2 protein chains.
Amino acid sequence: MKKTEEKALVGVREIARKANVSIATVDRVLHNRTGVSAKTKEKIDAIIEELNYKPNILARRLASKQILRFAVLIPSVSKETDYWNAPLSGVLQAESEISSYGIQVETFLFDQNDKKSFVKQSEAVLRGNFNGVLLAPMFIEESSKFVDECALLNIQCVFINSDIPDKNSLCYIGPSLYHSGYLTAHISGYLLKENDKVLIVNISKEIDNHHHLLRKEEGFRKYFEDNHKVNEILKVDIRDTAYDSVKKSLSAALKDNTINLIFVTNSRVSSVAHYLEEEGIEDVKLIGFDFLTENIAYLKKQTIDFLICQKPIEQGYRGIMALYTHFVHASPIDKVYHMPIDIITKENHQFYRN
Amino acid sequence: MKKTEEKALVGVREIARKANVSIATVDRVLHNRTGVSAKTKEKIDAIIEELNYKPNILARRLASKQILRFAVLIPSVSKETDYWNAPLSGVLQAESEISSYGIQVETFLFDQNDKKSFVKQSEAVLRGNFNGVLLAPMFIEESSKFVDECALLNIQCVFINSDIPDKNSLCYIGPSLYHSGYLTAHISGYLLKENDKVLIVNISKEIDNHHHLLRKEEGFRKYFEDNHKVNEILKVDIRDTAYDSVKKSLSAALKDNTINLIFVTNSRVSSVAHYLEEEGIEDVKLIGFDFLTENIAYLKKQTIDFLICQKPIEQGYRGIMALYTHFVHASPIDKVYHMPIDIITKENHQFYRN
DNA sequence: CTGAAAGCGCTTACAG
DNA sequence: CTGAAAGCGCTTACAG
């Protein structure tokens with residue numbers, strides 16, 4: 001069968017014919033290149049408009065020898081969590097899909113407990129002659145500075161995992177942290193009786209005012225407030241992430257209070273689960289974040305009741321694809337793409353796709 | 001920048017050079033066409049293997065004038081539910097992405113309350129000279145017969161929404177119904193006290209032994225059994241889906257029993273919500289299925305506590321893409337793709353992507 | 001059974 | 001400022 005007549009006609013060749021110019025000139029106009037008289041450009045633009053011309057992306061990339069270079073600037077996997085494996089695997093998946101179309105992806109990993117390593121890697125990116133960069137802007141100040149320098153070099157930035165809202169990025173792809181906290185509180189509401197007590201646990205080396213864990217806590221508390229819940233909410237910050245330290249802090253917190261539900265604001269929920277199991281504590285509900293192997297093991301045993309997940313693999317995949325779409329299709333991209341807030345339990349985890 | 005040498009080399013041209021044949025002959029081998037001597041074929045195959053040749057899909061579709069035709073055979077939107085709008089919109093989205101690559105999609109809608117309309121539309125599909133068809137095999141027998149005839153005509157079938165497991169389809173894309181029921185029970189478990197009573201409500205014109213609602217009920221009951229829950233489980237089948245009839249059945253069921261949680265096995269949960277609201281009943285938890293506008297409205301008001309959803313838009317999208325991948329990339333496809341089982345509440349519905 | 005040539009819709013030097 | 005021609009990696013008649 002043949003393609004429809006109409007389609008066969010609307011191409012650079014047809015535009016050139018109508019405008020009485022060569023296809024090279026049409027190409028120049030299509031790409032806003034210099035060296036076309038205003039008059040010619042106008043005429044061609046009108047015809048493009050009239051014919052509702054859509055370029056054939058296949059042909060374009062096939063003919064073009066230009067290769068596009070994207071950098072990925074995210075944390076490496078640490079002893080404490082292999083969370084970042086997920087976004088990375090999404091990145092790799094996207095890369096394998098588009099690498100044959102002239103896209104190169106290079107990865108720069110930094111230590112999320114060490115700002116200096118971030119700075120060092122970000123400088124390498126700046127030197128690498130990239131068209132775009134996908135980054136996790138964990139360190140707000142340093143990331144902000146980096147993004148400014150990218151702007152100077154005309155490098156497009158995409159944020160994943162957490163956002164710097166006022167920064168001039170192509171887009172942000174990741175959770176709405178506040179709302180994940182709020183949702184967690186909603187679920188917790190179902191598990192709590194009127195006078196039950198809640199313990200919020202922040203486990204992180206870097207808990208400062210900017211830290212995104214605090215946004216989850218904020219959302220969590222707001223839910224209780226909005227719904228006039230009278231449950232007491234206690235809180236403990238644990239800055240030393242080693243298990244012994246977690247254990248000590250939890251013991252202290254649980255000794256003086258009868259806690260009915262623990263909300264861990266990040267993926268370290270497994271160490272709390274470990275503690276509860278070790279101590280034989282069974283009547284405490286436990287909710288935390290992220291689809292990690294360790295967490296899932298506890299979810300299966302129901303030591304963890306719910307995990308909140310935000311498709312980290314997809315974040316990596318979509319991050320690269322956002323750059324790809326921007327450069328290859330030149331089509332506009334949503335400034336913010338909030339990932340769904342997924343509720344994972346013993347019964348649906350096997351069907352979960354990151 | 002130039003593409004890497006390596007890439008530039010591995011193409012039909014290089015294979016032809018190595019094999020001392022023309023690229024036309026290489027093309028014949030690549031597509032398993034006739035008219036190549038066994039010896040030549042063998043030699044070329046070896047070189048393809050050795051070079052780890054991957055065809056350039058862009059170039060292939062660009063050069064090929066072949067167009068691919070897919071049919072979509074799903075229910076139309078009915079007075080009772082606009083559920084099928086969602087898969088359809090996924091289909092349309094996929095179509096718009098791939099239509100410029102020579103793919104045509106044609107839609108055949110049938111009335112899910114009328115087997116004859118299915119048969120009629122399926123016959124139209126058979127006559128339409130399609131390469132593949134995406135269908136919702138609601139009517140098991142009729143669908144089964146249709147699939148057999150497709151096989152004769154060498155038309156590939158993809159199932160969505162519900163499966164016919166032993167049928168020779170390309171793949172199934174949709175929920176594991178049993179597990180959605182099981183998960184719903186798990187959530188219900190958190191909402192119930194020891195002696196609370198549960199009411200299962202099936203609202204459907206077609207409740208027979210094959211019907212997929214029953215698989216959800218089965219999973220639901222199994223959870224209670226597995227976890228030695230003693231809650232009493234009542235059940236009502238409502239075959240007349242008009243609101244008045246639903247109202248009558250519910251009134252009868254609720255008059256004689258104190259029900260604490262109602263599980264509606266499909267998207268008709270909104271009519272139960274409507275009833276509860278009308279009667280001013282506030283202490284009954286309500287769980288049902290599907291991300292429909294009506295349901296979401298009740299979810300916001302918390303008349304409905306949880307909705308279980310299975311990304312109907314994505315089912316449509318992936319269904320078409322499965323056919324596309326099969327024909328264009330000729331790459332193998334998972335026989336079963338179970339959709340995640342999503343738990344939707346008042347707090348996360350705004351981030352949900354179908 | 002095999003090959004030379006044209007063409008898919010674009011981009012890219014190069015020449016004027 | 002503009003155009004003719006070659007080429008991206010493949011497929012498709014057509015000729016032998």
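Quick caveat, the model's predicted, so the values are computed rather than measured.
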What is the distance from [atom1] of [X] to [atom2] of [N], rounded to the nearest Å?
X        : N       : atom1 : atom2 : result
His31(B) : dT2(C)  : NE2   : P     : 17 Å
Arg13(A) : dG7(C)  : CZ    : C1'   : 9 Å
Asn56(B) : dC10(C) : CG    : P     : 16 Å
Arg33(B) : dA13(D) : CZ    : C1'   : 12 Å
Arg60(A) : dC8(C)  : CZ    : C1'   : 16 Å
Arg61(B) : dG7(C)  : CZ    : P     : 21 Å
Lys43(A) : dT2(D)  : NZ    : C1'   : 12 Å
Glu14(A) : dC8(C)  : CD    : C1'   : 16 Å

Using a 4.0 Å heavy-atom cut-off, does Thr34(A) contact any base of the nucleic acid, only the sugar-phosphate backbone, or nothing at all?
nothing

Nucleotide nearest [X] (side chain, heavy atoms from C-beta), chosen from [options]:
X        : options                  : value
Ala24(B) : dG3(D), dA4(C), dC10(C)  : dA4(C)
Tyr53(B) : dG3(C), dT12(C), dC10(D) : dC10(D)
Leu62(B) : dC1(C), dG9(D), dG3(D)   : dG9(D)

CG on Leu30(B) to CD1 on Ile44(B), rounded to 0.5 Å:
9.0 Å

Spatial distance of atom CG (Leu62(A)) from atom CG (Asn56(A)) [nearest 0.5 Å]
9.5 Å

Need to verify one output field. Residue with the more 5' nearest nucleotide on DNA chain C, Pro55(A) or Arg28(A)?
Pro55(A)

Let's test this: given Watson-Crick or G-U wobble pairing with both distances under 3.5 Å, identify the partner of dC1(D).
dG16(C)

For Ser64(A) and dC8(D), is the shortest distance between a side-chain N/O and OP1 or OP2 below 4.0 Å?
no

Quick one: is Thr25(A) getting a side-chain N or O under 4.0 Å of the dT2(D) phosphate, OP1 or OP2?
no

Check ion pair Lys39(A)-Glu42(A) (N to O, under 4.0 angstrom)
no

Classify the ring geometry between Phe291(B) and Tyr352(B) as parallel (under 30°), tilted (30 to 60°) or perpendicular (over 60°).
tilted

Give the ring-plane orientation class for Phe110(B) versus Phe139(B), where under 30° counts as parallel, over 60° as perpendicular and anything between as tilted.
tilted

Where each residue is assigned the nucleotide of DNA chain D containing its nearest heavy atom, which of Ala63(A) and Ile23(B) is assigned the position nearer the 5′ end?
Ala63(A)

